[in-house]
Enquirer: 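The structure follows.
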Amino acid sequence: MSTTENAVADLDLHADPVELTAALVDIESESHNESAIADAVEKALREQTVGFEVLRHGNRVLARTNRGKPSRVILAGHLDTVPVAGNLPSRRTVDDAEGDVLHGCGTVDMKSGDAVFLHLAATLDDPSHDLTLIFYDCEEIAAEYNGLGFLERELPEWLSGDVAILGEPTAGQIEAGCQGTLRVRLTASGTRAHSARSWMGDNAIHKLAGVLTTLANYQPRYVNIDGCEYREGLSAVGIDGGVAGNVIPDSASVTINFRFAPDRSVDDALDHVRDVFAEDLDTEMITLEVTDAAPGALPGLSHPAAAALVDAAHGRFRAKYGWTDVSRFSALGIPAVNLGPGDPNLAHRVDERVPVAQIAEVTDLLRAYLS
């Protein structure tokens with residue numbers, strides 16, 4: 001990759017996808033700051049691929065073939081990362097413990113997946129499917145900013161296909177479907193008073209004790225769908241309250257995240273959360289507010305196009321923990337899976353890193369499937 005000030009970075013799509021990953025990682029692209037990487041991806045697709053219609057839409061870059069193939073495969077990946085934490089530029093190490101590894105922000109989530117898709121677009125001579133490539137922005141932040149959501153509303157024809165593959169990190173094996181996510185805020189109210197005369201007040205923080213005890217004792221549900229086991233989770237992810245060191249607080253809240261199996265709808269998930277905290281909510285001193293929600297996605301592995309991908313992966317698949325944009329495709333009736341290099345447990349970490357072998361493995365797997 002070469003750059004000059006205010007110039008668009010040069011990406012070599014025909015290069016080793018490991019080197020392409022490093023080049024993408026070295027273009028800083030925190031959410032809302034994806035213009036530089038989108039420019040580079042757009043330029044590379046226009047100059048180094050054959051038979052693709054390329055479209056720029058904000059900081060989203062789209063490309064597709066129309067060769068009259070009997071099926072269409074969508075390859076989708078987000079261009080943004082979480083904030084850099086002293087882990088740029090990329091670096092490569094080789095040692096006895098981990099082997100050949102590429103380090104840096106976005107190596108796992110998910111520039112290695114993007115690199116695989118870009119490399120295949122430039123090097124597949126005659127794929128057996130028509131291809132649609134979607135590189136989008138703002139996946140790592142609130143859903144209202146998600147670039148794939150904008151495409152769904154403004155360019156829905158680009159989301160048409162027989163199967164969708166998201167390059168989210170899966171350590172090189174298929175992770176099917178995804179969990180839904182629901183965030184709620186439980187707020188307790190009380191009466192403010194001087195802490196020296198605490199009996200004259202009503203401490204809102206203390207009223208959350210029952211909520212926290214319920215969370216600590218919660219037993220998650222396990223669900224098996226299409227051979228994929230999903231484990232639900234109900235967790236406090238934030239707590240707020242207190243006015244000053246000498247004031248009894250009159251308001252306090254706890255934010256709770258429910259990660260639910262894809263056999264539940266968002267409404268079902270909300271009903272479950274209300275049931276779990278029914279005793280606290282019945283007091284009328286604690287209120288519930290939904291702050292964010294997104295449905296999960298069923299695995300859909302029985303669909304012929306998805307089944308063929310499972311075959312190409314030698315039958316290696318598991319449930320996806322966490323929410324990903326496969327949910328958006330599933331809602332459109334398109335079977336979708338996550339498949340990319342990198343351990344998802346290393347995503348967003350300061351020591352984010354991907355084994356070089358996994359980048360090659362996913363490239364070879366998808367080349368065989370698409371060919």
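Bear in mind that the values here come from a model prediction, so they are computed numbers and not experimental data.
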Enquirer: How about R72 and S160: does a side-chain donor come under 3.5 Å of a side-chain acceptor?
Expert: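 Per modelled atom types, R72 and S160 side chains form no pair under 3.5 Å.
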Enquirer: For N87 and D351, what are the C-alpha separation, side-chain angles and deciding distance, and is it a side chain to side chain donor-acceptor pair (under 3.5 Å)?
Expert: CA-CA 7 Å; N87 48 0; D351 59 347; over 6 Å; no
Enquirer: Check whether the side chains of R192 and N203 place a donor and an acceptor atom closer than 3.5 Å, and report yes or no.
Expert: no
Enquirer: Salt bridge check: are K69 and D126 linked by an N-O gap of less than 4.0 Å?
Expert: yes
Enquirer: Check V354 against P341 and note the closest heavy-atom contact, atom names and distance.
Expert: CG2-CB, 3.9 Å
Enquirer: Could you give me the CA-CA distance, side-chain angles and deciding distance for R183 and E289, then say whether salt bridge (charged side-chain N to carboxylate O under 4.0 Å, His left out) is met?
Expert: CA-CA 9 Å; R183 272 194 293 274; E289 173 192 5; over 6 Å; no
Enquirer: Scan residues 255-297 for pairs that pass ring-ring contact (aromatic ring centres under 6.0 Å, His included), counting only residues two or more places apart or in two chains.
Expert: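 Qualifying pairs, neighbours excluded: Y218-H272, F258-F260, F258-H272.
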Enquirer: Kindly indicate whether the side chain of L88, heavy atoms from C-beta on, has any atom under 4.5 Å from the side chain of C105.
Expert: yes
Enquirer: As a quick check of understanding, evaluate ring-ring contact (aromatic ring centres under 6.0 Å, His included) for H57 and F150, giving each step before the final call.
Expert: CA-CA 9 Å; H57 183 269; F150 280 92; 7.5 Å; no
Enquirer: Minimum heavy-atom separation for L301 and C228, please, with both atom names.
Expert: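 Answer, listing the atom of L301 first, then C228: CD1-SG, 4.2 Å.
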Enquirer: Could you report the tightest heavy-atom contact between L159 and I74, atom names first, then the distance?
Expert: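 It is O-CD1, 3.7 Å.
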Enquirer: With distance as the sole test, does S235 use its side chain to make a donor-acceptor pair with the main-chain N or O of N257 at under 3.5 Å?
Expert: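 Not a single qualifying donor-acceptor pair exists.
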Enquirer: So which atom in W323 and which in P295 form the shortest heavy-atom distance, rounded to 0.1 Å?
Expert: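 Here W323 and P295 meet closest at NE1-O, 2.8 Å.
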Enquirer: Measure from the side-chain N and O atoms of D325 to the backbone N and O of R328, and report whether any donor-acceptor pair falls under 3.5 Å.
Expert: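 Not at all, since once roles are kept as given, no pair shorter than 3.5 Å links the two residues.
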Enquirer: Are F135 and H78 an aromatic pair, judged by ring center distance below 6.0 Å?
Expert: no
Enquirer: When you check the side-chain N and O atoms of H119 and T363, is any donor under 3.5 Å from an acceptor?
Expert: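 T363 and H119 do not have a side-chain donor-acceptor pair below 3.5 Å.
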Enquirer: Applying side-chain contact (heavy atoms from CB on, under 4.5 Å) to T214 and V276, what does each step give before you reach the verdict?
Expert: CA-CA 8 Å; T214 298; V276 169; 3.6 Å; yes
Enquirer: Considering the options R264, Q179, R259, which one meets the side-chain hydrogen bond (donor to acceptor under 3.5 Å, both in side chains) requirement together with E232?
Expert: R264
Enquirer: Could you state whether V61 and I165 fall into the same hydrophobic cluster, counting links through intermediate Ile, Leu, Val, Met, Phe, Trp or Tyr residues with side-chain heavy atoms under 4.5 angstrom apart?
Expert: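 Yes: a chain of side-chain contacts under 4.5 Å links V61 to I165.
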Enquirer: In terms of side-chain geometry, is the basic nitrogen of E168 or K320 positioned less than 4.0 Å from the acidic oxygen of its partner?
Expert: no
Enquirer: I'd like to know if I37 and L62 are part of one continuous hydrophobic network [Ile/Leu/Val/Met/Phe/Trp/Tyr, side-chain heavy atoms within less than 4.5 Å].
Expert: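 L62 does not cluster with I37.
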Enquirer: Side chains of Y136 and N59 only: does a donor on one sit below 3.5 Å from an acceptor on the other?
Expert: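 Looking only at side-chain atoms, N59 and Y136 do not form any donor-acceptor pair under 3.5 Å.
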Enquirer: Is the side chain of D268 donor-acceptor paired with the backbone N or O of S265 at a distance under 3.5 Å, no angle test?
Expert: yes
Enquirer: Working to the nearest 0.5 angstrom, can you tell me the gap between Q358 CD and D100 CG?
Expert: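 One finds 12.0 Å between CD of Q358 and CG of D100.
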Enquirer: Whether the D80 and S31 side chains hold a donor-acceptor pair (N or O, under 3.5 Å, no angle test) is what I'd like checked.
Expert: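 Yes, side-chain donor-acceptor contact under 3.5 Å.
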Enquirer: So, T123 versus R367: side-chain donor-acceptor pair below 3.5 Å or not?
Expert: yes
Enquirer: Can V54 be reached from L75 by stepping across I, L, V, M, F, W or Y side chains whose heavy atoms are under 4.5 Å apart?
Expert: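 L75 clusters together with V54.
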Enquirer: Please check this pair: side chain of T170 against backbone of Q173, looking for a donor-acceptor N/O pair closer than 3.5 Å.
Expert: yes
Enquirer: Assess, by modelled atom type and distance only, whether the side chains of E352 and H103 contain a donor and an acceptor separated by less than 3.5 Å.
Expert: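 No.
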Enquirer: With distance as the sole criterion, is a donor-acceptor pair present between the side chains of T324 and N338 under 3.5 Å?
Expert: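 A pair is found: one side chain offers a donor N or O, the other an acceptor, under 3.5 Å apart.
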Enquirer: I need the minimum non-hydrogen distance between V266 and A294, along with the two atoms involved.
Expert: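 So the two residues come closest at CG2-C, 3.8 Å.
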Enquirer: One pair to check against side-chain contact (heavy atoms from CB on, under 4.5 Å): I286 and T187. What are the steps and the verdict?
Expert: CA-CA 5 Å; I286 296 179; T187 301; over 6 Å; no
Enquirer: With rounding to the nearest 0.5 Å, note down the distance linking CG in L133 to CG in L118.
Expert: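 Taking CG in L133 and CG in L118, the distance rounds to 6.5 Å.
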Enquirer: List the steps, then state whether side-chain contact (heavy atoms from CB on, under 4.5 Å) holds for L124 with S371.
Expert: CA-CA 8 Å; L124 277 170; S371 298; 3.3 Å; yes
Enquirer: Please tell me whether T65 and D130 have a donor and an acceptor in their side chains that are separated by less than 3.5 angstrom.
Expert: yes
Enquirer: I'd like to know whether R318 forms a salt bridge (charged side-chain N to carboxylate O under 4.0 Å, His left out) with E229, so could you lay out the CA-CA distance, the side-chain angles of the two residues, the decisive distance to 0.1 Å, and finally the verdict.
Expert: CA-CA 7 Å; R318 62 189 178 192; E229 184 176 73; over 6 Å; no
Enquirer: Decide yes or no on side chain to side chain donor-acceptor pair (under 3.5 Å) for D26 and S90, but give the supporting numbers first.
Expert: CA-CA 6 Å; D26 289 340; S90 63; 3.1 Å; yes
Enquirer: Would you say R46's side chain and Q48's backbone share a donor-acceptor pair under 3.5 angstrom?
Expert: no
Enquirer: Same cluster for L281 and V211 if Ile/Leu/Val/Met/Phe/Trp/Tyr side chains link at under 4.5 Å?
Expert: yes
Enquirer: R197 and H194: side-chain donor and acceptor closer than 3.5 Å?
Expert: no
Enquirer: Got a second to check how far D267's CG is from D271's CG, nearest 0.5 Å?
Expert: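 The CG atom of D271 is 6.5 Å from CG of D267, to the nearest 0.5 Å.
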Enquirer: Atom CG of L13 and atom CG of L45: how far apart are they, to the nearest 0.5 Å?
Expert: 6.0 Å
Enquirer: Let's go through D263 and R221 carefully: what are the C-alpha distance in whole Å and the side-chain angles of both, what is the deciding distance for salt bridge (charged side-chain N to carboxylate O under 4.0 Å, His left out) to 0.1 Å, and is it a yes or a no?
Expert: CA-CA 12 Å; D263 62 336; R221 185 177 70 126; 2.9 Å; yes
Enquirer: Do E42 and R60 sit within salt-bridge range, that is, some charged N less than 4.0 Å from a carboxylate O?
Expert: no
Enquirer: Check the pair D280, K207 against salt bridge (charged side-chain N to carboxylate O under 4.0 Å, His left out), reporting the backbone distance first and the verdict last.
Expert: CA-CA 9 Å; D280 300 289; K207 292 182 178 181; over 6 Å; no
Enquirer: Distance from E30 atom CD to I141 atom CD1, nearest 0.5 Å?
Expert: 9.0 Å
Enquirer: Honestly curious: do V326 and L332 fall in one hydrophobic cluster under the side-chain, below-4.5 Å linking rule?
Expert: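 Per the 4.5 Å side-chain linkage, V326 and L332 are co-clustered.
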Enquirer: Show the nearest heavy-atom pair for residues A236 and V254, with the distance to one decimal.
Expert: CB-CG2, 3.8 Å
Enquirer: Give a yes or no on this: more than 12 heavy atoms of other residues, nucleotides or ligands lie within 6.0 Å of atom CE of M200.
Expert: no
Enquirer: For the CG atom of L151 and the CZ atom of R153, what is their distance to the nearest 0.5 Å?
Expert: 9.0 Å
Enquirer: I'd like to know whether L370 forms a side-chain contact (heavy atoms from CB on, under 4.5 Å) with V73, so could you lay out the CA-CA distance, the side-chain angles of the two residues, the decisive distance to 0.1 Å, and finally the verdict.
Expert: CA-CA 8 Å; L370 296 172; V73 174; 4.0 Å; yes
Enquirer: For K111 and S29, does a side-chain donor sit closer than 3.5 Å to a side-chain acceptor?
Expert: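 Yes, a side-chain donor-acceptor pair sits under 3.5 Å.
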